[in-house]
Amino acid sequence: MSESTILVERIEKIGIIRLNRPKNLNALSSALIEELLSALRIFDKDPAIGAIILTGSEKVFCAGADIKEQRELSFVRAYNTNYLRNLNDGLLGVHKPVIGVINGYAIGGGCELAMMCDILYAGENAVFGQPEIKLGTIPGAGGTQRLIRAIGKSKAMHMILTGDTINASEAESSGLVAKVLPVNEVFEAAVETARKIAGFSAPVTAMAKEAVNEAEEVGLKSGLHFESRLYHSSFSLADHVEGFGAFLEKRTPQWINE
Ligand code: CAA
């Protein structure tokens with residue numbers, strides 16, 4: 001039997017989901033996405049749960065789309081299956097507040113998954129980045145739309161066009177995360193906050209979350225649609241094949257700009 005890609009537990013009224021593919025730095029395989037969405041749906045429907053925490057390990061949150069899987073995806077398959085939109089749509093459909101606790105890398109789709117959460121707490125070792133440009137593709141799980149809303153155009157463009165990362169204190173000062181704490185304290189702090197939120201009226205909490213999201217999402221739908229089309233189109237580029245191949249072969253990519 002294959003190992004579970006997530007670990008799930010409950011602390012009082014809080015549902016905890018931990019990404020659990022340590023050998024692949026919690027990369028977003030289809031199996032992980034399915035299990036994550038299913039766990040979120042179960043917690044969301046459960047009246048005993050008032051808030052959800054999504055985290056990785058103390059070393060890594062998530063290194064993004066599974067590069068081995070994405071390399072095999074043609075434009076047509078990505079287009080037909082709406083690759084990664086299911087993750088975005090699934091998170092958007094959760095009524096209960098989701099607190100992301102980010103330690104270590106939140107890179108590519110990992111940074112995008114973090115930004116799908118409602119509140120972010122980061123450990124001091126957190127690193128955020130959108131390195132897709134180095135692989136011959138673009139952020140495809142909301143990054144081009146959400147990063148600009150979170151940290152503004154210039155910083156978002158800088159991250160997306162250079163692939164450079166930012167650390168936890170830069171993430172805090174730019175507004176990407178709500179709090180930065182020592183790694184051994186950040187999870188407990190998130191539990192405290194989740195406990196507080198779970199103590200409020202569940203429908204009011206859901207309404208507050210929905211209203212805040214509405215403000216963020218005006219225009220987001222068409223932006224996400226646009227982003228998906230371009231992201232999937234990048235799969236047909238020779239440079240996409242080169243970038244993904246080079247990563248897996250541990251060599252520097254040779255771009256041909258086609
Ligand atoms: N998918 C699949 N496997 C991955 C992975 C990913 N995204 N990231 C890392 N791994 C694997 C590595 O291949 C390696 O496996 P092996 O031990 O079998 O060689 C293992 O995880 C450990 O990785 P490293 O040895 O590279 O670890 P490191 O600590 O030296 O570096 C890192 C960490 C900087 C995050 C580096 O792993 C890295 O750059 N990973 C790729 C990150 C990335 O480019 N993500 C974007 C993916 S595309 C995307 O997400 C599109 C989108 O918008 C949705």
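Atoms within a ligand are numbered from 1 in the order they appear, just like the ligands themselves. Bear in mind that the values here come from a model prediction, so they are computed numbers and not experimental data.
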>> Taking R195 first and then E12, would you say they form a salt bridge - that is, a charged N and a carboxylate O separated by under 4.0 Å?
In response: yes
> Would you say ligand 1 has an N or O under 3.5 Å from any N or O of E112?
Replying inline: yes
> For Q130, is the nearest heavy atom under 4.0 Å from an atom of ligand 1?
Replying inline: no
> Backbone, side chain, both or neither: what part of K250 comes under 4.0 angstrom of ligand 1, heavy atoms only?
Replying inline: side chain
> Closest approach of G50 and I197, non-hydrogen atoms and distance?
Replying inline: O-CG2, 4.5 Å
> For atom 29 (O) of ligand 1, which protein heavy atom lies nearest, and how many Å away is it?
Replying inline: Y105 CE1, 4.3 Å
>> Looking at every non-hydrogen atom in both residues, tell me the closest pair between R229 and F75 and how far apart they are.
In response: O-CE1, 4.4 Å
> Taking atom 43 (C) of ligand 1 as the point of reference, which of G64, G108, A63 owns the nearest heavy atom?
Replying inline: A63
> Under the 4.0 Å line, does any protein heavy atom show up next to atom 19 (O) of ligand 1?
Replying inline: yes
> Does ligand 1 have an atom under 4.0 Å from some heavy atom of D66?
Replying inline: yes
> K134: heavy atom below 4.0 Å from ligand 1, yes or no?
Replying inline: no
> What is the closest protein heavy atom to atom 38 (C) of ligand 1, and at what distance does it sit?
Replying inline: F247 CE1, 3.7 Å
> Looking at atom 54 (C) of ligand 1, what's its closest protein heavy atom, distance included?
Replying inline: L84 CD1, 3.1 Å
> Judged by modelled atom types alone, do S29 and E69 share a side-chain donor-acceptor pair under 3.5 Å?
Replying inline: no
> Any Lys/Arg nitrogen of R146 or E227 sitting under 4.0 Å from an Asp/Glu carboxylate oxygen of the other?
Replying inline: no
>> Looking only at protein heavy atoms, which one is nearest to atom 1 (N) of ligand 1, and what is the separation?
In response: I67 N, 2.9 Å
> Counting only non-hydrogen atoms of the protein, does one fall under 4.0 Å from atom 23 (O) of ligand 1?
Replying inline: yes
> For ligand 1, which atoms sit closer than 4.0 Å to a heavy atom of I107?
Replying inline: 42 (C), 43 (C), 45 (N)
> What about L135: any of its N or O atoms under 3.5 Å from an N or O on ligand 1?
Replying inline: no
>> Please determine whether a side-chain nitrogen of the Lys or Arg among E9 and R18 lies less than 4.0 Å from a carboxylate oxygen of the Asp or Glu.
In response: yes
>> Which residue and atom name correspond to the protein heavy atom nearest atom 21 (O) of ligand 1, and how close is it?
In response: K23 O, 3.3 Å
> Is at least one protein non-hydrogen atom found at under 4.0 angstrom from atom 40 (N) of ligand 1?
Replying inline: yes
> Hey, is atom 48 (S) of ligand 1 under 4.0 Å from any protein heavy atom?
Replying inline: yes
> Who gets closest to atom 32 (C) of ligand 1 by heavy atom: L25, N24, V60?
Replying inline: L25
>> Please confirm whether P131 approaches ligand 1 to less than 4.0 Å, judged on its heavy atoms.
In response: yes
>> Taking side chain to side chain donor-acceptor pair (under 3.5 Å) as the cut-off, I'd like each qualifying pair that reaches into residues 112-127, sequence neighbours left out, listed once.
In response: D118-K209, Y121-T193
> Atoms of ligand 1 less than 4.0 Å from A27 heavy atoms?
Replying inline: 1 (N), 2 (C), 6 (C), 7 (N)
> Rounded to the nearest 0.5 Å, how far apart are OG of S228 and CG of N82?
Replying inline: 6.0 Å
